[in-house]
Each structure stands twice: as C-alpha cells, then as structure tokens.
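Presented below is the structure to which this report refers.
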Protein chains: 2
Amino acid sequence: MEKLLNALRAKGYKMTPQRRAVAAALIKCGKFATAQQLLLQVKQTTPDVSLDTIYRNLSLFVKLGLVTEIHLPGREGNIFEVTTNQHHHHLVCINCGKTECLDYCPISSHDLEKARERDFQIISHALEFYGYCRTCRTAG
Amino acid sequence: MEKLLNALRAKGYKMTPQRRAVAAALIKCGKFATAQQLLLQVKQTTPDVSLDTIYRNLSLFVKLGLVTEIHLPGREGNIFEVTTNQHHHHLVCINCGKTECLDYCPISSHDLEKARERDFQIISHALEFYGYCRTCRTAG
DNA sequence: ATAGTAAATAGTATTATTACTATTTAGGAT
DNA sequence: ATCCTAAATAGTAATAATACTATTTACTAT
C-alpha cells in the first residue's frame, strides 16, 4: 500500500483520509473488488465517504497505472485489481463472471510502438479474454 | 448486413423486425455507434422498440462475434462496431473519447492456446489502448 | 392455414457509473 | 500557527447498462 501512496505523492496528488482509505480497501479486499465492495470496506474506517469518491479515486489510480480495471459483462459491474509487478491480463467467464489471471502480457513493445506511431501517447491498455469457464461449459 | 442476419439464422436465432432494425442501424450508423444512437436510428423505422431490445441484441451480436464492443471511459458510454473481416483493435483517448482503429491484432494463436489451457473456452477478446490523442496531448 | 412452444419483446425497475455544485481540506508559503 | 489556493469531497442528480415479468411473436410440425 505504501508503494501506491508514494506513487501518488510523487506525482503531487494530495493525501486525504478518503484516498488513503480507498487504497487500504484495495489491499484489504484483495483481487477483483467491485466499487460496492470497496465502498463497504472504506465505510468501516471512514463512514461518511461517498461513492463518488470511490470512483473518482479508482479512476485516478487506473489512469496512473496503479490499478487495473477489468471489464465484466453482467450485473455486478467492473472489478478492480492493484497492479502487480508482473503485468498481466485476465480470463473472464461471460456466463458467471468468474475471473482468472493470465500470468503474462502478449503485447510487445513493438505493438506499443505501432500505436504511438498513430500520434497517440499510450498510457495503458486493457485486454480481456472472454469465454466459458469449465463449470459453465459443462453445465451449458 | 445480410452477412450479419445470415449468421444469426445459421445459429438458429429468430428473425424479428426489431433484430433486423438493430442490424440495419449498426450498418447505417457506421463505426462507433453508442446504444443511444442506435436507439434513435432504430426508432425511425420501428418506433416502439425498447432500449432493452437494443442492448439485448447488441449483447447477442457481441457474444457471437458479429459486433465488437469498445470500452470507453467517460460519460458517453461504450461504442459498438460491426466486426469486419480484418480483425483489429482500437486506440482510445482517455480525455476526449476519440477512437481510432488499429489495423491488426497482436494476439497470436499461441496466446489463445495458453488461455484454453486454463480450461476456458475462449469466445472473443477485447483489447483497447488508452492514451491521449494528438489534440488532447498538445492541449493538455 | 393452424396450433404449439420457446424465444423475443415492451415496459418498468434496479443497479452501475459519471457528472455537477457548493463546501471542505491538504499542502505550501508566510 | 495562520493564510491562501487549488484540489478533493459530500451530496445529489443524471445517464448507462442490466434485469424482471407478463405478453407477444417467429418458427416448426401438423
């Protein structure tokens, strides 16, 4: 968590109790927390926090590459994960929402270079593989 | 459009006027249509269509690989694009939402194989590069 | 052509996500 | 310690996306 907060300080962002609480909640909730789960966790220590603050800080973290947002189909909304040293992506079941990490990233520096040639300053990328997990495949 | 409708028939899905209208709207709106834009277009020919139907059919098309959904940050919501013969991905400006096609896909069959080894039946994948377009970069 | 059946729809409700505004606060300078 | 200013927040509002139920409709077999 300190790593996350230090990165924010280094970029000149203010350190508020709410921001600290969101960071702490991300660590506490572990992988794949939804905004609602984070809100519940944050309220334990900071009761008067608003959902807006959760999303605002999550967006900031994502923009800075500190957190990864995973696009999930279905009703539970997207999930968030603290970016680890091992940059990676995810498998998502389009039936039950089960999510698993894929332990590597198939995007090469050459790919990023091709994107940059298009006059885009690339900050991050999102990659999700959608399909059916074993359970949903056999049940289907 | 016929290609799209034929693919649906081949899979045994029913052909309703609403479904036809959504398909037609996707063609008419061209690249990067939002659900709202599609609803407006569909209402021109089928006034009593519900937003639910738009989303339901879009989800179906996406699931069948006929349409690609692009995850956009910000207020306008996601955008949809008819899948072309040339499978490709997108660059998205996280400031203004401007979206451009990248004319290829960096995901190899080896990557898909690695995903399948995890007991997932992979149906599709989403890849977006996020950053700042030339305009937002210089304005920023 | 008619009837049966499962899929699709309309209309509404619920939840997720983003935006807006007035107010508060963190961090820097004094 | 106090003041200043821009950033951050709470609370609310607005929009996007999904879900639910009763009803309708496309397709199949007759």
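Atom pair A/N78:CG and C/dT18:P shows a separation of 8 Å (rounding to whole Å applied). Atom CD in A/E76 sits roughly 18 Å away from atom P in C/dT14 (whole-Å rounding). Between the C1' atom of D/dT28 and the CZ atom of B/R9 lies a distance of 16 Å, rounded to the nearest Å. Across the protein-nucleic acid pair, B/K14 atom NZ and C/dA7 atom C1' stand 4 Å apart, rounded to whole Å. Note: CG (A/L51) to C1' (D/dA14) measures 14 Å, nearest angstrom.
Here the side chain of A/T83 pairs a donor or acceptor atom with the backbone of A/V67 at under 3.5 angstrom.
A/H90 pairs with exactly one of A/E128, A/E100, A/E81 by the side-chain hydrogen bond (donor to acceptor under 3.5 Å, both in side chains) rule, that one being A/E81.
Considering only side-chain atoms of B/A35, the nucleotide from D/dT12, C/dT9, D/dA17 that sits closest is D/dA17.
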Show your reasoning for whether side chain to side chain donor-acceptor pair (under 3.5 Å) applies to B/E69 and A/H71.
-> CA-CA 11 Å; B/E69 176 168 14; A/H71 301 105; over 6 Å; no

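Side-chain N/O atoms of A/T16 include none lying less than 4.0 angstrom from OP1 or OP2 on C/dA26. B/Q18 has a side-chain polar atom (N or O) that falls below the 4.0 Å cut-off from OP1 or OP2 of C/dA10. Put simply, A/Y55 has a side-chain N or O that comes within less than 4.0 Å of OP1 or OP2 on C/dT17. Between B/S50 and C/dG11 there is no side-chain N or O to OP1 or OP2 distance below 4.0 Å. Between B/N57 and C/dT9, a side-chain N or O to OP1/OP2 separation shorter than 4.0 Å is present.
Using the six-membered ring where Trp is involved, A/H125 and A/H87 have ring planes that are perpendicular, over 60° apart on the 30 and 60° scheme.
With a cut-off of 3.5 Å on both Watson-Crick or G-U wobble distances, the partner of D/dT30 is given as C/dA1.
The residue A/R56 sits close to a base: some heavy atom pair falls under 4.0 Å. Using a 4.0 Å heavy-atom criterion, one finds that B/P17 contacts the sugar-phosphate atoms exclusively.
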